[in-house]
Amino acid sequence: MRTWVKGGRLARLSIKARIFAGFGVVLATTVGVAVSGYLLVTQVSSDFADYQQNRAKAEHVRSIDMAMLQARFELSRWLQRFDPAVLKAARDLLDKSVGLIERGPAVGLSGDELATSAVIARALRTYGDEYVIMARIKGEETALLRQDIDQAGEQIAAGLAQRRSRAYEAGDLDQARMLNAAADAFQSARDQTVQLKVTGEAKTIAAASQFAAASQAKLPANSDLAAKLTAWRGALDRASELSAEWSRHLKLSRVARDESMKASESLLAVMARDGVEAEQDFARSVKEGTTAFLAKAAGIVLLGIVISLLLARSITAPLQRLSGAMAALGGGARAIALPDTGRTDEIGAMARTVALFRDGLVDSESRDAIQRRETDAKMARARHLETLTRGFEGKVSALIASLTAAAGQMEGPRTTSRPRPPNLPACRRASRRRQARPPPMSAASRTPRTNSPPASRRSPGRSPIPRSSPAGPTRRPRAPRRRSGRSPPARSRSATWSSSSPASPGGPTCWP
């Protein structure tokens, strides 16, 4: 395998073929592991069936125990709130537990296990029946407390208060004191009945009866109130009987509950023991088959991993080399040698494309360098011409100034008009046009000329001073018209314009 990879045979495969080869290796590995697993499952199938059956029985018994636990929880809630809905939910859970017990033969319980299940079912039925009786007792006790004790007690208390007020009004203080003592004793009896509702203890009933008897003893002259107190004490006796009956049935329900819990625990212990034995047998069978399975699977998986790593390395290693070369190319290196350009797969095509990109960058950079040099040369030439033009303009301006001064001295004090200043912007434009092809200038053409000022600007009675030039007299051109929205060009007092000159035919030139 190593020789085959190092020899370059793997590099001749396309990436698509390598990916399919990798998927084929994964598929072959999966099939090999699946076949080994199937052989293992076949070997331990019988032991697994026994383990599964014991597990199903254990789950069945756990379901019964869970339903019983929920029923006990709901009944404990009912003992706190005495809610009929809670009692109904508890009865439903008990019926569910009994139904699960009756399904014991279907899940494969043995004879002893079925007998224990029957004990649990009988105890659960007794448990539920006792709570039904307790609910009936509780309902009767609630009605007795509400009607015969609470309502009658309010009437008795109101009667005692009314007669005590009459005794005070009649001035019978002895009778009023007796009625007041009877009312206090009866109020203590009522307080005990309130405590009975909270705790449900029988001793509160006995205390309430004693206080009621003390109150009745203080009413020898009030037979009607004494009769009501006698009836009220009878209601207390009945409440005491109901409380005793409640305690007896509560004890029976707890006996049935304990019996069902004990039987359920014994059945769970049997199920746990059988489950452990079945699990040990199953584990032993699995261990024997697992050794062979692991040996085969490890060999198959190891081979698949090696092949997958070789395929992955054949793709990632060239990509990493190409990525490093591209990073160097992006960093400015242009003389690098691109790797893997001779490969015949997609990576080789990518490397050749990067090589073309590198060559294009080199050509583009060389063209940019040449263009920059040409641009720098043009800018240098333009700056040189600008320097020459400014020097020429300075010389011309100085010459014009000197000639203007000489002309002023020749005219003398009789001259009242000023010479027309030259149009310097037009002169600059003409100078720029001459920069492209500067003509040769002789000494005579460089001598500036000036014309006499126009007649409109001469002083009256004076004639113009004749001036001569090698080319003869010239006429001053008209001043350019002003354009709307633009200010007239600034004029200088040192020069005037002439229409043409021998040095630049057809164009404006500055003349003094």
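No hydrogens, no waters, no symmetry mates; every other heavy atom, side chains included, goes into these values. Along the sequence shown, the residues carry numbers beginning at 1. In this text the structure is predicted, and so the values were computed from the model without any measurement.
No donor-acceptor distance shorter than 3.5 angstrom exists from the side chain of Ser364 to the backbone of Gly360, with no hydrogens or angles considered. Counting only distance, with no hydrogens or angles, the side chain of Trp232 and the backbone of Ala152 share no donor-acceptor pair below 3.5 Å. Checked by atom type and distance alone, the side chain of Thr375 pairs as donor or acceptor with a backbone atom of Gln371 at under 3.5 Å.
Looking at His249, Arg254, Arg125 one by one, the single match for side-chain hydrogen bond (donor to acceptor under 3.5 Å, both in side chains) with Glu130 turns out to be His249. Between Ile101 and the options Ile64, Val61, Leu114, a side chain to side chain contact (heavy atoms under 4.5 Å, CB included) holds for only Ile64. Shown are Ser260, Ser264, Ser97; of these, the side-chain hydrogen bond (donor to acceptor under 3.5 Å, both in side chains) with Asp65 is made only by Ser264.
Using a 4.5 Å heavy-atom threshold, the side chains of Val354 and Leu322 count as touching. Counting heavy atoms from C-beta on, the side chains of Arg257 and Met261 come closer than 4.5 Å. Residues Phe186 and Phe211 are not in side-chain contact: their nearest non-hydrogen atoms beyond the backbone lie 4.5 Å or more apart. Inter-residue side-chain proximity for Arg103 and Leu100 is flagged as met; some heavy-atom pair is nearer than 4.5 Å. In this structure the side chain of Arg62 never reaches within 4.5 angstrom of the side chain of Met271, judged on heavy atoms. At a threshold of 4.5 Å between non-hydrogen side-chain atoms, the residues Asp50 and Glu279 do not count as touching.
A 6.0 Å sphere centred on CG of Asp112 holds no more than 12 heavy atoms belonging to other residues, nucleotides or ligands. In the displayed structure, Lys96 atom NZ is contacted under 6.0 Å by at most 12 heavy atoms of other residues, nucleotides or ligands. More than 12 heavy atoms of other residues, nucleotides or ligands shown are found within 6.0 angstrom of CZ on Arg72.
Nearest heavy-atom pair, Leu160 versus Leu179, reported as atom, atom and distance to 0.1 Å: CD2-CD2, 4.3 Å. For the residue pair Ser253 and Tyr127, the shortest heavy atom distance occurs at O-CD1, 3.1 Å.
A distance of 7.0 Å separates CG in Asp274 from OG in Ser110, rounded to the nearest 0.5 Å.
Scanning for salt bridge (Lys or Arg N to Asp or Glu O under 4.0 Å) contacts around Arg321 gives Asp340, with sequence neighbours left out.
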Asn54 and Lys57: CA distance, side-chain angles, deciding distance, side chain to side chain contact (heavy atoms under 4.5 Å, CB included) verdict: CA-CA 5 Å; Asn54 282 278; Lys57 293 193 297 184; 4.0 Å; yes
